[in-house]
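In what follows, every chain begins at residue 1, and chains take the letters A, B, ... in the order their sequences are listed.
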There are 2 protein chains.
Amino acid sequence: MKLTSKGRYAVMALADLARFNNINPVSLRDISLRQGISLDYLEQIFFKLRKKEIVQSVRGNQGGYVLNKKAKEIKLTNIFDAVDEKVKTVQCKKESKKSCNGKSTKCLTHNLWDELENHINDFFEKKSLEDLIKDNSERRI
Amino acid sequence: MKLTSKGRYAVMALADLARFNNINPVSLRDISLRQGISLDYLEQIFFKLRKKEIVQSVRGNQGGYVLNKKAKEIKLTNIFDAVDEKVKTVQCKKESKKSCNGKSTKCLTHNLWDELENHINDFFEKKSLEDLIKDNSERRI
DNA sequence: TATAAACCCGACTAAAATAGTCAAGTATCT
DNA sequence: AGATACTTGACTATTTTAGTCGGGTTTATA
Ligand code: FES
Ligand code: FES
């Protein structure tokens, strides 16, 4: 059960962006250097974040990205959703009546995995970008 | 972020075992048929479960496996630990002072991932095999 | 005591997912 | 004009996962 780099990077990059989100847009080059993430990979990630309207792009020289909403309104859920980082605990189709092993009733553990999925998603639902940078600056005092 | 089959199968198989854990040992063949899990794969999994003393084996004809502890005392944590299903949210070494990007201080998101890891592990710590089968038989009434 | 059922254990492999790279653009500031 | 930076799709190497395979050993029971 592990978090993929794509999801981790997306959050890291947005935390960086939120932190340096002044008047000027932040370039991916800067984020790449500060966070140690491949520029090409970041571009893929921000392409998705832009499509989901989490960030806005400013093209051209001196361009970059800015947050499209307040940090408080961007939940981890939104970020993970944008980059297709899903929490998946079961193989069986949620909607279909077929169980994971092809039988017609849900298997013994189906409810457990459902609970687990909800438990994890709750965490993502509760955390916003703002929590992240606030939390961090407090610790630096 | 997804659960691997190995972990899922381990729990499914033990739930099955707990359910049919009467006087006679339960053969992997039976579990394989009931749960639709490859027999060869189950053998790998039970090899590990036995090494961690979660199950006991009974060799020979009419043999199989039995639980080595009460269902109440087997937590999901123990099961996942036995089959090396770990919750991993960070790339950086926990103990080392190096961050994920090679710098000397922890990155902006390090604490977040730590919290997430604890949040998930809490769930595994709280659930026992007994909860699983009790929960399930209640629903069948 | 022969046989079949079942566990034991290491090695190998196919498929899928991940984590990127590469290339060829377009827009905008100075 | 030139540099910087976003845009987009396609491609690829690496790693992980989810098995398979093969050759054991042990033990109940016919
Ligand atoms: S996990 Fe849904 S039926 Fe087994
Ligand atoms: S996740 Fe630990 S330093 Fe970045």
Side-chain angles (χ1 to χ4, degrees), chain A residues 1-10 12-13 17 20 23-33 35-66 68 80 83-91 100-101, chain B residues 1-13 17 20 23-33 35-52 54-66 68 80 83-91 100-101:
Chain A
M1 176 117 255
K2 66 180 176 231
L3 187 67
T4 66
S5 291
K6 192 166 57 179
R8 196 161 3 89
Y9 288 170
M12 283 173 69
L17 184 51
F20 292 90
I23 305 121
N24 304 317
V26 180
S27 75
L28 292 190
R29 202 181 116 78
D30 286 352
I31 297 180
S32 164
L33 290 173
Q35 306 299 328
I37 304 170
S38 141
L39 179 59
D40 282 318
Y41 204 21
L42 271 180
E43 287 182 340
Q44 279 187 44
I45 291 168
F46 273 76
F47 179 59
K48 293 178 177 182
L49 292 174
R50 189 173 62 81
K51 276 203 299 189
K52 290 291 175 117
E53 302 180 325
I54 290 172
V55 295
Q56 258 190 356
S57 68
V58 179
R59 301 187 69 160
N61 194 349
Q62 301 299 317
Y65 288 90
V66 287
N68 197 26
F80 283 142
V83 298
D84 311 301
E85 172 88 16
K86 301 196 231 316
V87 177
K88 255 192 109 191
T89 59
V90 290
Q91 221 58 26
C100 47
N101 50 26
Chain B
M1 183 107 262
K2 66 179 175 232
L3 187 67
T4 66
S5 291
K6 192 166 56 180
R8 196 161 5 88
Y9 288 169
V11 177
M12 283 173 69
L17 185 51
F20 292 90
I23 305 122
N24 304 319
V26 180
S27 75
L28 292 189
R29 204 181 117 78
D30 286 352
I31 297 180
S32 163
L33 290 173
Q35 305 300 327
I37 304 170
S38 141
L39 178 59
D40 283 317
Y41 203 23
L42 271 180
E43 287 186 338
Q44 279 187 44
I45 291 169
F46 273 76
F47 180 59
K48 292 179 178 183
L49 292 173
R50 190 175 60 82
K51 277 201 300 187
K52 291 289 175 120
I54 290 172
V55 296
Q56 258 189 356
S57 67
V58 179
R59 301 187 70 161
N61 192 349
Q62 302 299 318
Y65 288 90
V66 288
N68 197 25
F80 283 142
V83 298
D84 311 300
E85 172 89 16
K86 300 195 230 315
V87 178
K88 255 193 108 190
T89 57
V90 290
Q91 221 57 26
C100 47
N101 49 28

Is there any protein nitrogen or oxygen under 3.5 Å from a nitrogen or oxygen in nucleotides 10-16 of chain D, and what are the pairs?
none

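- Val66(B) pairs by the side chain to side chain contact (heavy atoms under 4.5 Å, CB included) definition with Asn21(B), Pro25(B), Gln56(B), not counting sequence neighbours.
- Nearest heavy-atom pair, Ile37(B) versus Ser32(B), reported as atom, atom and distance to 0.1 Å: O-OG, 2.8 Å.
- Comparing dT29(D), dA18(D), dT8(D) by their closest approach to the side chain of Arg50(A) singles out dT8(D).
- Atom CZ of residue Arg50(B) and atom CG of residue Asn68(B) lie 10.5 Å apart, to the nearest 0.5 angstrom.
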Expected rows: protein N/O vs nucleotides 22-25 of chain D N/O, under 3.5 Å:
residue: dT25(D); atom: O2; partner: Arg59(B); partner atom: NH2; Å: 2.9

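- We find the OG-CG distance between Ser27(A) and Leu33(A) to be 8.0 Å, quoted to the nearest 0.5 Å.
- A search for side chain to side chain donor-acceptor pair (under 3.5 Å) contacts involving Gln91(B) returns Arg8(A), not counting sequence neighbours.
- Listed by chain and number, the residues in a side chain to side chain contact (heavy atoms under 4.5 Å, CB included) with Asp40(A) are Ser38(A), Glu43(A) (sequence neighbours excluded).
- Between the CD atom of Gln91(A) and the C1' atom of dG19(D) there is a distance of 13 Å, given to the nearest Å.
- Along DNA chain D, the nucleotide closest to Gln62(B) and the one closest to Thr4(B) are compared, and the more 5′ of them pairs with Thr4(B).
- The side chain to side chain contact (heavy atoms under 4.5 Å, CB included) test with Ile45(B) is passed by exactly one of Leu28(B), Ile31(B), Val83(B): Val83(B).
- Tyr65(B) pairs with exactly one of Phe46(B), Phe20(B), Phe47(B) by the ring pair (Phe, Tyr, Trp, His ring centres under 6.0 Å) rule, that one being Phe46(B).
- Residue Tyr41(A) contributes atom OH, which lies 17 Å from atom P of dG9(D) at whole-angstrom precision.
- For DNA chain C, the outermost nucleotides in 5' to 3' order that have an atom under 4.0 Å from a heavy atom of chain A are dT18(C) to dC29(C).
- Straight-line distance from the CG atom of Asn24(A) to the C1' atom of dA5(D): 14 Å, rounded to whole Å.
- Heavy-atom nearest nucleotides on DNA chain C were determined for Met1(B) and for Ser57(B), and the one closer to the 5' end corresponds to Ser57(B).
- In this structure, CG of Leu42(A) is placed 10 Å from P of dC6(D), rounded to the nearest angstrom.
- The distance between atom CG of Leu28(A) and atom C1' of dT8(D), rounded to the nearest whole Å, is 14 Å.
- For Val26(B) and Arg8(A), each mapped to the nucleotide of DNA chain C holding its nearest heavy atom, the one lying further toward the 5' end belongs to Val26(B).
- We find that OH of Tyr9(B) is positioned 14 Å from P of dT17(D), with the value rounded to whole Å.
- The stretch residues 52-64 of chain A participates, sequence neighbours left out, in these salt bridge (Lys or Arg N to Asp or Glu O under 4.0 Å) pairs: Lys52(A)-Asp81(A).
- Between Met12(B) and Gln35(B) the shortest heavy-atom distance is CE-OE1, 3.6 Å.
- Every side chain to side chain donor-acceptor pair (under 3.5 Å) that Thr4(A) has, sequence neighbours left out, goes to Glu85(A).
- Residues passing the side chain to side chain donor-acceptor pair (under 3.5 Å) test with Asp84(A) are Lys48(A), sequence neighbours excluded.
- One interatomic measurement links the two molecules: CG of Asp84(B) to P of dT17(D), which rounds to 11 Å at whole-angstrom precision.
- The distance from atom NZ of Lys86(B) to atom C1' of dT17(D) is 15 Å, rounded to the nearest whole Å.
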